[in-house]
Amino acid sequence: MRYWLMKSEPGTFSIGDLAKAPQQTTGWDGVRNYQARNNMVAMRKGDRVLFYHSSADPTAVVGTATVVREAYPDSTAWDKNDSHYDAKASAANPIWQRVDIKFESEFARPVTLEELRGVKELSKLVLLQRGSRLSVQPVTADEWKMVCRMGGL
DNA sequence: GCCAACGTTGGC
DNA sequence: GCCAACGTTGGC
């Protein structure tokens, strides 16, 4: 089993929105970055996800989710009315993929970016690397455990 | 709102 | 294939 971190702006889609969604599940569409897409394609059912609020106050890991459906075409890419429309994508050539994730837990307390930066064991966390802005990133098992413990899980 | 860092595009 | 220009991300 592998571990990941996914970013979302809470103003667009928050951990609370995921908890309230039908079947507490959502399709992670709109990703338009190849490296992030490749990470989603590498995801397997049962993989675990840290849910991170970006462009928030405070920015923080706020809970966890699990992968319930592996990569499949992101049809929003060829929807002209979608804000992430990509003229090069089509049903025959989807280019972009999404996975479905299901709500697992909301942390008792958010683990802020500032807190994460203060933990020696998390110095390699992709999120904390200089200039890192990948919206879907890998996390190690040890990092996962540490962040969950900090969140009061 | 600013701006550093990064990814993509397109002219050559 | 290079690289300047441009667009986006995301913390502050």
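All values below were derived from every heavy atom in this structure, side-chain atoms included, with hydrogens, water molecules and symmetry-related copies excluded. Lettering of chains follows the sequences in order, A, B, ..., and the numbering in each one begins at 1.
Per the geometry, CZ belonging to A/R32 stands 16 Å off C1' belonging to C/dG7, to the nearest Å. Rounding to whole angstrom units, OH of residue A/Y52 and P of C/dG10 are separated by 9 Å. A/H53 has its NE2 atom 12 Å from the P atom of C/dG11, to the nearest Å. Between A/I95 atom CD1 and B/dG7 atom C1' the separation is 16 Å, expressed in whole Å. As rounded to whole Å, 6 Å separates atom P of B/dT8 from atom CG of A/N33. A/H84 has its NE2 atom 16 Å from the C1' atom of B/dG7, to the nearest Å. A/L5 has its CG atom 14 Å from the C1' atom of C/dG10, to the nearest Å. Taking atom CG on A/D86 and atom P on B/dG7, their separation rounds to 18 Å, with Å as the unit.
With respect to the salt-bridge test (charged N to carboxylate O, under 4.0 angstrom), the residues A/D74 and A/R32 qualify. For A/R98 and A/E70, the salt-bridge test fails: no basic side-chain N is under 4.0 Å from an acidic carboxylate O.
Note: A/W4 and A/Y52 fail the aromatic proximity criterion, with ring centroids not under 6.0 Å apart.
Proximity of A/R133 to the phosphate of B/dG7: no side-chain N or O atom is located under 4.0 Å from OP1 or OP2. Between A/K88 and the phosphate of B/dT9, there is a side-chain N or O to OP1/OP2 separation shorter than 4.0 Å. Under 4.0 angstrom from either OP1 or OP2 of B/dC6 there lies no side-chain N or O belonging to A/Y34. Within the 4.0 Å cut-off from OP1 or OP2 of C/dT9, not a single side-chain nitrogen or oxygen of A/K7 is found.
A/I101 is connected to A/I15 through a chain of hydrophobic side-chain contacts under 4.5 Å among Ile, Leu, Val, Met, Phe, Trp and Tyr, so both are in one cluster.
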